[in-house]
Every structure is written in C-alpha cells, then in structure tokens.
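A short worksheet on the structure shown next.
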2 protein chains.
Amino acid sequence: MIRILLADDEHLIRGAIAALLGLEDDLEVVGQAATGAEALRLARALRPDVALLDLQLPDLDGVTVATTLHAELPTCRTMIVTSHGLPGHLKRALTGGVRGFLAKTVSAEVLATVVRTVHAGGRYVDPQLAAEAISAGDSPLTVREADVLTLAAEGAPVDEIARRAALSPGTVRNYLSSAVGKTGAANRHEAARIARTRGWI
Amino acid sequence: MIRILLADDEHLIRGAIAALLGLEDDLEVVGQAATGAEALRLARALRPDVALLDLQLPDLDGVTVATTLHAELPTCRTMIVTSHGLPGHLKRALTGGVRGFLAKTVSAEVLATVVRTVHAGGRYVDPQLAAEAISAGDSPLTVREADVLTLAAEGAPVDEIARRAALSPGTVRNYLSSAVGKTGAANRHEAARIARTRGWI
DNA sequence: CCCGGCGGATGACAAATGTCAGACCGTGGT
DNA sequence: ACCACGGTCTGACATTTGTCATCCGCCGGG
C-alpha cells in the first residue's frame, strides 16, 4: 500500500483527487493539507511514502515544501501537480528533489501511474511542460536583475524599487535596462511579463 | 435524478469532481467538456438539468457559455465554479443568468447541496466572493478607459496602445491618466494591476 | 433648448524612465 | 599578478510618461 499525503488549497479539488486515488487498491491518502506549513507538519507526523503537492499554496509554494521535505524526510518522494506550468518552476522543482511534475490536465489514471512510478524510485515529468522548459532555456538574468525585475513587476516606480531593494535608483535603472535588453522587451513592464511567463522571476 | 453537465479544462479535476458527484444517489454526471464550445455542443445534445462550468476555459469563458446556455436552454440551470474569484466575473455571471457561483475551496458536500438548490430553482453565491464583490463595487472606468487600460496591461508603450486602439497618443494618455486617478494608483501599470484584481478589465 | 458628460484631440510642462559612459570594489580563474 | 565579470554607484542625456487646460462634436435628459 502506497501512503500518500495530499496538499492543495482548494478543498473541492483536494477531496476529489483523494476520492479518485482512494479508488485504487494500492493507494491510500493518509493526510490532506490546505497550506504548505500544514503539509510539512503532517508529513513529519505521518511519514507518507509520496507527497503530492500543488504548486500554488497560500503560504509557501509547492516547490519550497518539496525541497524542505526532501532534506528532512529523504524517504518521502515528492510530486508537484499544477494548473499553470511555468518552465522555471519545473527547473526549481527538479533541483529541489521533486521526482514527478505534472499538469492538472492529465487523467486520473496517469496520476495514479505516476504515483506508483515515483514511489518505485522513478521520475516523471509532463512531456509538454518539459518541452516548454527546454525551449524557454535558462534565465539570462543575474540574481540582482531578477530581484529588481520582480519588484518592478508589481508596478512600483523606480524610487520605491530602490528603497525596497536597498539600492540606489540609478543602479535599479541600470539593472532594469539590462533586463529589458536581455528579454528583448520594449520596457520594464513588458520585460517583467516576459520573465514571468518564462519562469525567470 | 439530477442530470449534470461538467465543463473544466483540467482533466484531473473534471474527472475527480465527476467521481465525487457520482457518489451522490440523486446526482448523475451525463457529460464532460474540456472547452466552452464542447460544453455548448453537449448541452444542446444532452439537455442536462444543471451545467457546472469552470470560469476559465480555453476558448470562451464560463460566463459566456452560461449566458448562451441561459438564452438557448432556459430549463438548464447554470453554475460557475472557479479558482480565482474576481468580483467583476460574479456580476457578469449573475446578469447572464447564472444561479450558483462558488470557489473551488468549498467542500464536495457543499457543491452537491448547491447543485440541488440550483436545480430546485434556488440561487447560491459563495458568501466570501459576494462580500468581495460588494466591497470592490462597480467599475468607475468608462468603456474606453477600460479598453486602453487592458492594452496597457500588456506593457505596451503609449504609441502602440494608440495604434491598436486607433486613438491619438495624447488621448491615450488622457484616458490612462484618468484611470490612474480612479484606481488610486501611482502609474498605469499599477492601475492595470488593480483594475484586474477588481475585475474591471 | 440647453447643459452635462463622454469620446476624441491638441499643446505645454514637469516628472519618471531608458540608455550610456565611466568609475570602484570583490572574487574567481588563468 | 592579472583579467574578466558581477555588483554598485554616479552623472548626463534623450525619450516617455503623467498631468492639466482647453477645445470640438455628439447625444440624452430635464
């Protein structure tokens, strides 16, 4: 029997997936969490075989939970299931020790199969997401450029970004300018949009 | 027996909800669609009692499907289920004849109850979404302001917005300025963000 | 019939932004 | 020891923006 921990902030979805997985003879959902913190707590208490995490959780995101789990409970395999698959998340997830990464567009049978694969020590990444990740490539942004662009994405003016990043306004403009160049955008807002769709920020 | 049509682009979710609803004695999922067009086609063919629509579908959005359905098949009640509940959508949905509007955070029991309520001619709106809709209020933006702000939201510079909206650049700036004032934002990008979270664009 | 409001436009001015060149310090590689 | 590169900063400049006043035409309500 494979013991599964499920984390998803949407009650309906969580319950529905649990019901579906419960129909399989060899799978058992032993815990359900609505937040990242709760997922960690339950994982420590229940020591499931596989943790099935949604990418977007109210507090921590799924990849962060997975990374922590991977460090604390090496015997617990982690999988990410997501609605919006951004290439950057996939890369972060894989470096964080995640062994399965799928979109919610897959069928329940596929999900169950992947749970078994992952439990057996295998890996599985949604082919379409993998293709997107490869075609999007690595982020050309330096750490600082990404930082600044993240703040810029909220629509804040340069002065505020400068304050929040503890940089001089001029430096912020330099980074933004560089980021705009690297993304091929016309201005920082478009750059932020592009970087986000590519998962670079 | 209440006959239900289910539309959601995520196979896993769709299947899972169908499985959950199928557990209820008086509910039966008679059709499943992954797109808005397919939902309409199936609804015409199957004439379900209740159509359960996701807000975001690949082609048409759930509210559009509901409005069409309401006009074509008045006996078919419509409900919207959504992950991201924006106040504007709720208003559009209700004017389009939708009788149930809930977030995916509800439990399966609630969903089943609401399906029965709606089928019996009642209405149900998620209390939290209703509260947000009321507090967000009506859009203060004029049609043109909303148009221009929508284009601005993609990060395009004024000149491009002007070309795409067939307006003079000066006019575009006037509208944006007015929209920035009405949203209380510091610049158009923040204004676009605010307007989006409020469902105004 | 007249007023107000919206759509649309122009011109002018101030502020924010984008771009560039140049400078200084660490750090890691050769 | 040296160089390249990233991070940081400054200053100068052109361009883009946000803001405001003002104008025109149209339409609907009092």
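In this text the structure is predicted, and so the values were computed from the model without any measurement. Naming convention: chains lettered A, B, ... in sequence-line order (proteins, then strands); numbering from 1 in each chain.
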Do we see a donor-acceptor contact under 3.5 Å between the side chains of B/T67 and B/T64?
-> no
Margin query: Can a donor-acceptor pair be found, under 3.5 Å and without considering hydrogens, that links the side chain of B/E145 to the backbone of B/T142?
Written below: yes
With the side chain defined as heavy atoms from C-beta on, A/S177 is closest, among C/dT19, C/dT10, C/dC6, to C/dT19
To the nearest angstrom, the CG-C1' distance between A/D159 and D/dC9 comes to 15 Å
B/H189 NE2 to D/dT16 C1', in whole Å, measures 10 Å
From CD1 of A/I161 across to P of D/dC9 the rounded distance in Å is 14 Å
From the candidates C/dT17, D/dC9, C/dG7, the one with an atom nearest any side-chain atom of A/T171 is D/dC9
A/E145 CD to D/dG6 C1', in whole Å, measures 9 Å
_I want to check one thing: is the phosphate of D/dT8, taken as OP1 and OP2, less than 4.0 Å away from some side-chain N or O of A/Y175?_
yes
In whole angstroms, the gap separating C1' of C/dT17 from CD of A/E190 amounts to 15 Å
Per atom distances to the A/R188 side chain, the nearest of C/dG18, D/dT19, C/dG7 is C/dG18
The nucleotide from C/dC20, D/dG18, C/dA9 with an atom nearest the side chain of B/N187 is D/dG18
Side-chain contact check for A/R144: nearest option of C/dA9, D/dG7, D/dC9 is D/dG7
Exercise for review: State plainly whether the residues B/K104 and B/D8 are in salt-bridge range, i.e. N to O under 4.0 Å.
Suggested key: yes
When B/P169 and A/A156 are each assigned the nearest nucleotide of DNA chain C, the 5'-most assignment goes to B/P169
Whole-Å distance, A/R173 CZ to C/dG22 C1', equals 16 Å
Whole-Å distance, B/L176 CG to C/dT17 C1', equals 16 Å
Exercise for the section: Tell me, with the steps shown, if A/V81 and A/D54 meet side-chain contact (heavy atoms from CB on, under 4.5 Å). Expected result: CA-CA 5 Å; A/V81 184; A/D54 190 295; 5.9 Å; no
Per atom distances to the B/T142 side chain, the nearest of C/dG7, C/dT19, D/dG18 is C/dG7
B/R163 CZ to D/dT16 P, in whole Å, measures 12 Å
- prompt: Is any side-chain N of the basic residue among B/R193 and A/E154 closer than 4.0 Å to the acidic one's carboxylate O?
  reply: no
